[in-house]
Amino acid sequence: MKKKNMRSKVQAFGGFLTGMVIPNMGAFIAWGFITALFIPTGWVPNEYFSKLVGPMINYLLPLLLAYTGGKLVAGQRGGVAGAIGTFGLIVGAEIPMFLGAMIMGPFSAYIVKKFDEMIEDRIPTGFEMVINNFSLGIIGLLLCLFSYSLIGPVILQANKAVTVAIEGLVKTGFLPLLSVINEPAKVLFLNNVIDQGIYYPLGMQNTLEAGKSIYFMVASNPGPGLGLLLAYSLFGKGTSKKTAPGAIIIHFLGGIHEMYFPYVLMKPILIISMILGGASGILTFSLFNVGLVAGPSPGSIFAYLALTPKGNFIGVIAGVLVATAVSFSITSLILKSSKQTEEEFEESVKKSKEMKQEGKKLLNPALVQKEVSNSPINFVAFACDAGLGSSAMGASAFRKRVEKEGLSITVKNFAIEKVPQEVDVIVTHKSLLDRAKLAWPNKRIVTIENFMKDSNIEQLLEELLAQKQNA
């Protein structure tokens, strides 16, 4: 249980990082395009426009991260405090302060939040604006000085230590070993911790110097997932084989990598094919000395190609294809030689149908946090790490089915920690159940294993239809 709680907390931390980064990905991609186009080695070198590259990465992007992180903690005031506090880091640093912004932004907002709670209901009538503005200004001043003189040097040294460690892997040729960490972390929904927390900041720094970075590609390569899903399409059995082709489109073209996670979790030994596929892709990228100009979010092949700088297309495509081939070969071998089938999965579907016939309205108790009253369901939330990938897809598909049945049910997608209080049912992947429990201990939580087709989703729809008939 402690391990599960720890994993849930790490997932939540990754979700918070994602909440800072994803809303600003447009700015990161804009910077990437400017870099790819106008630096001396770009597509159309331009000395005048290339002057935008440095100020954007040193000031604009870290401040956007800091403001967004602060706003997540304490609203508008938190965002302003985060930007002020982080500016001290930026001025006192020799490198782009992405890691610093992700720390100082939320920390500054937390200080303001605690101050606001302390003086709540103690402000004399008529002095609210004066106290609010001056308190934010004074706290911001202190935070800016504090980060400039004390926090900045500490984060700078920590950043250098991480950079030296990973650059050492690059120089020694051991960079592919990162897949041993990346791939298991991804299928446990910890991908945002390593991507947004480590690789993307390092990639931005590397891009400022070299115009591209392999760090953007060490955990985002869509090749391993594509190979696995292709193998399931040919050699899988039952539901997994039927749903794999649709998952390929969403994963490879749409960039939602969460699509292949359940297929690995159904047969954990397949993590071997993902690790070797990811490692072979990284090795290929290294041999061709290629990189991207910004983080591909989502990790679609279209994003990869759009962010590939001049002269790197062959190496980038080769890395994706090699990773796909290795993952496909090993997954196919495992699926064909495995004595296990998906009879257990099919059996669970049969049992769920029997439960429906018996008139049971609640879903499998093992997959629901706790029994709840038979109150009507009006609002269903699909929740995932960032509230953008798998949850958006799941909500969209379920919403269409609900509308087709003529049900007046609200279906929306959210990040787990951002689900509204008025929601009646939360639907999430079973690997995120513990995290959902931490965030919403009093909500009904339904878990699924397959985003394309799942017996628990079918039961939920049956329950909603029964609710309409009994109304």
For residues Met204 and Ile57, report the shortest heavy-atom separation together with the two atoms involved. O-CD1, 3.2 Å
What I want to find out is whether Arg401 reaches Glu458 closely enough, with some N-O distance under 4.0 Å, to be called a salt bridge. yes
Validation row: Ile445, Lys437 side chains within 4.5 angstrom (heavy atoms): yes
Please say whether more than 12 non-hydrogen atoms of neighbouring residues, nucleotides or ligands are located less than 6.0 Å from OH in Tyr110. no
Exam field: side chain Lys443 to backbone Gln421, donor-acceptor pair closer than 3.5 Å: yes
Say you draw a straight line from CD1 of Ile103 to CE of Met97; how long is it, rounded to the nearest 0.5 Å? 9.0 Å
On a heavy-atom basis, the closest approach of Leu307 and Gly295 is CD1-O, 3.7 Å
Please check this pair: side chain of Ser396 against backbone of Met393, looking for a donor-acceptor N/O pair closer than 3.5 Å. no
Between Thr243 and Tyr263: side-chain donor-acceptor atoms closer than 3.5 Å: yes
Can you confirm whether Ile282 sits close enough to Ser179 that some side-chain heavy atom of one is under 4.5 Å from a side-chain heavy atom of the other? yes
Could you tell me whether the side chain of Leu438 reaches within less than 4.5 Å of the side chain of Pro441, counting heavy atoms only? no
So, Phe382 versus Phe398, ring centres under 6.0 angstrom or not? yes
So does Glu405 pair up with Arg399, basic N to acidic O under 4.0 Å? no
Quick one: does Phe98's side chain get under 4.5 Å of Leu65's, heavy atoms only? yes
Could you state the interatomic distance from CH2 (Trp31) to CD1 (Ile29), rounded to the nearest 0.5 Å? 12.5 Å
Donor on one side chain, acceptor on other, Asn24 and Thr68, under 3.5 Å: yes
Angle between ring planes, His251 versus Tyr260, binned at 30° and 60°: parallel, tilted or perpendicular? perpendicular
For the ring pair Tyr215 and Tyr199, is the centre-to-centre distance below 6.0 Å? no
Are any side-chain N or O atoms of Thr428 and backbone N or O atoms of Ala383, one a donor and one an acceptor, separated by less than 3.5 Å? yes
Quick check for you: to the nearest 0.5 Å, what is the distance between His257 atom NE2 and Ser220 atom OG? 6.5 Å
Looking only at heavy atoms, which two atoms of Ile409 and Ile377 are closest? And how far apart? CD1-O, 3.0 Å
What I'd like to find out is whether the side chain of Lys468 reaches to under 4.5 Å of the side chain of Leu464, using heavy atoms alone. no
Chi angles and distances behind the side chain to side chain contact (heavy atoms under 4.5 Å, CB included) call for Asn413, Cys384: CA-CA 8 Å; Asn413 55 288; Cys384 69; over 6 Å; no
Nearest non-hydrogen partners of Pro296 and Tyr304, listed with the distance: CG-CE1, 3.5 Å
From Leu283 CG over to Leu276 CG, what is the distance, rounded to the nearest 0.5 angstrom? 11.5 Å
Would you say the side chain of Pro224 lies within less than 4.5 Å of the side chain of Thr324, judging by non-hydrogen atoms? no
Heavy-atom check, side chain of Ile272 versus side chain of Ile269, under 4.5 Å: yes
Please state whether the rings of Tyr200 and Phe216 are parallel, tilted or perpendicular, taking 30° and 60° as the class boundaries. perpendicular
In Å and rounded to the nearest 0.5 Å, what is the CD to OG distance from Gln467 to Ser408? 10.0 Å
Less than 4.5 Å apart, any side-chain heavy atom of Val53 and any of Ile39? yes
Check for a donor-acceptor pair, side chain of Asn312 on one end and backbone N or O of Lys310 on the other, with a separation under 3.5 Å. yes
So, does Lys237 use its side chain to make a donor-acceptor pair with the main chain of Tyr232 at under 3.5 Å? no
Enter the distance from Ile314:CD1 to Thr308:OG1 here, rounded to the nearest 0.5 Å. 12.0 Å
Shortest non-hydrogen separation from Phe28 to Leu61 and the atoms involved: N-CD2, 4.0 Å
Should Lys267 and Ile334 be marked as a side chain to side chain contact (heavy atoms under 4.5 Å, CB included) after you check the CA-CA gap, both sets of side-chain angles, and the distance that decides it? CA-CA 10 Å; Lys267 196 177 289 292; Ile334 292 174; 4.2 Å; yes
Leu253, Asn221, Ile248 screened by side chain to side chain contact (heavy atoms under 4.5 Å, CB included) with Leu226, the one that passes: Ile248
Just do the side chain to side chain contact (heavy atoms under 4.5 Å, CB included) check on Leu305 and Phe313 with the steps written out, would you? CA-CA 7 Å; Leu305 296 178; Phe313 281 98; 4.2 Å; yes
Quick one: closest heavy-atom pair of Phe414 and Ala381, and the distance? CD1-CB, 3.8 Å
Would Glu417 and Trp440 satisfy side chain to side chain contact (heavy atoms under 4.5 Å, CB included), going step by step from the backbone distance to the final call? CA-CA 8 Å; Glu417 285 77 17; Trp440 303 102; 5.9 Å; no
